[in-house]
Amino acid sequence: MEEIIRESGSNFIEDAVREDLAAGVYDRVHTRFPPEPNGYLHIGHCKALVIDFGIARKFGGICNLRMDDTNPAKEDNEYVEAIQEDIHWLGFDWEDRFFFGSDYFEKDYEYATELIRKGLAYVCELTAEQFRDPAFCGDLTHPAVSPWRDRPIEVSLDLFARMKAGEFPEGKYTLRAKIDLASGNFCMRDPVLYRIRYIEHHRQGTKWCIYPMYDFAHPIQDALEGITHSLCSLEYEIHRPLYDWVIANCSVPSKPRQIEFSRLNLTNTVLSKRFLRHLVETGIVDGWDDPRMPTLCGLRRRGYTPESILDFCSRIGVAKTNSMVDIAQLEHCIREELDNRAPRRVAVLHPVKIVVDNYEDGKVEYFTLPNHPKMPELGTREVPFTKELYIDETDFCLDPPPKYFRLKPGGEVRLMGAYLLKCGEVIRNEDGSIREIHGTVDLETGNGNPSDGRKVKGTIHWLSAPYSEEAEVVLYDRLFTEENMNEIPPERYDACLNPDSARKLTAVRIEKSLKEAKPGERFQFVRDAYYCLDTRNPNTFNRIVTLKESFKG
Ligand code: ATP
Ligand code: MG
């Protein structure tokens, strides 16, 4: 991973950090990754992780992991643990710098009272409804209005202390920064810093009934941890003046700098924890680690490696404008990696029986197949050949188009690594489906070409019927049919789910050796796709990615 990050070219964040170091603004680099523990990490977070940990590493600095748990709703220890596991899986480490935003509640409270004392914050009594009313929040041409803005400092101090003491119901009061009610940036129109919430906090219990807003708490957390560069996605850009205002007006011990980068958007994918949680909670997917999920645990269960995901993140780069990345690029990264290292095996997904009429019943011969065509160090294996075989139904055509080189009536194909097979009688079931295909093999062709020089163009894979085993495979496809899910309103997401995103095949034949595969082990099933043995179901192989991009499973 060191290499991947070093290799990636310079970007505007690195340039900014370099300038800060050269100008002496900072003499070190310290970043942080601040996930909200209200869901599992997804591939978008991975982009942020690569930036946060990558910049620190590049400049010999450090990166903290901080759970942004200032908002008490929906946070859970399950998420806290999963987030740590996923970050470690990618190969990043925060060492002993693991923090919680809620650890600073006491400090947040002190800085808030400091602002009140300085006349820079006040307790406001506008209701939630009034906050939305143009008469109070104003619009582009009218400033916002608060009748409580000029209330005496002493009164605000007293009310704020009583808000904390739990004397008032939710919504009765808020603490607001006194900045600029006429600002063209709505974030600066006296933003709310604290609100009353009677919600138990996953770490603080019922200690607090006032909670700081993200825009107030985040810069303070950064400053207290000595963060130099607070890197975040682009939606925080308009909040930056407020970030700087908090840093400038609270007597915090250091002055971090916020820099924003574009969010990752992927085609046919939704990257919103809220919606991913909906998929889990409604049972549309089989948990956060469903192999179709864009979560890191989903990608892991699907068979993605950390290397392929990091490779993807370094290829997409870091830009200042939002864009849509084709999910095919992510697939390309894992395909490329597996092409180079996944051992090859045979599986017959849609088995149809072949009876070799000129082969002795009970006889077994072994043919040697390479485990990887380009990597002899991966060795070879012996596969048994018998009178009854399986081939894939899709390799046989009764009424073939021109230039069809696989098995067809009267035709001949190479059985991969073994004999040439000539097609004989096709026996059908009553419903017209194929029961078995009879044929004959050219027994001279076990180790080479026919002596009469005839050319056979097609090669198909096969398995011995008695010496193969049964397994299940799940053919995964994109979770959404729409390419740009950003254009779809969230209430229509469900309607865009791909009904064929997981197709299960239950009577697949596999090589016997695959019975010894370990959960998570990856293979190429020759002429088909890459697969990974599922970590939950012991006899199920997950399709990671097809062999070619154009392949439509
Ligand atoms: P979500 O919408 O998925 O809940 P979030 O921004 O609320 O995303 P956080 O847990 O707050 O999730 O995110 C932690 C960090 O990851 C933040 O710094 C955020 O900027 C970054 N991040 C989240 N989603 C993306 C994304 N799609 N691309 C890049 N960075 C992201
Ligand atoms: Mg967030």
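One-based numbering, in listed order, for ligands and for the atoms of each.
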Task: Shortest non-hydrogen contact from R302 toward C532 - done: O-CB, 3.6 Å
Task: Where H229 and I259 come nearest, the two heavy atoms and their spacing - done: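 That would be CD2-CD1, 4.0 Å.
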Answer with yes or no after comparing the ring centroid distance for [X] and [Y] against a 6.0 Å cut-off, counting only values under it.
{"X": "F261", "Y": "F12", "result": "no"}
{"X": "H42", "Y": "W288", "result": "no"}
{"X": "Y40", "Y": "Y79", "result": "yes"}
{"X": "Y214", "Y": "Y236", "result": "yes"}

Going by the order shown, which atoms of ligand 1 are within less than 4.0 Å of some heavy atom of [X]?
{"X": "F261", "result": "29 (C), 30 (N)"}
{"X": "A48", "result": "16 (O), 21 (C), 30 (N)"}
{"X": "F33", "result": "15 (C), 16 (O)"}

Looking at ligand 1, does any of its N/O atoms fall within less than 3.5 Å of an N/O of [X]?
{"X": "H45", "result": "yes"}
{"X": "D68", "result": "no"}
{"X": "C232", "result": "no"}
{"X": "E36", "result": "yes"}
{"X": "K273", "result": "yes"}
{"X": "S233", "result": "yes"}

TODO: Mind telling me whether W208 and F105 have parallel, tilted or perpendicular rings, with 30° and 60° as the class edges?
DONE: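 The arrangement is perpendicular - the two ring planes meet at more than 60°.
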- [ ] May I ask you to identify, for H42, whether its side chain, its backbone, both or neither come under 4.0 Å of ligand 1 on a heavy-atom basis?
- [x] side chain
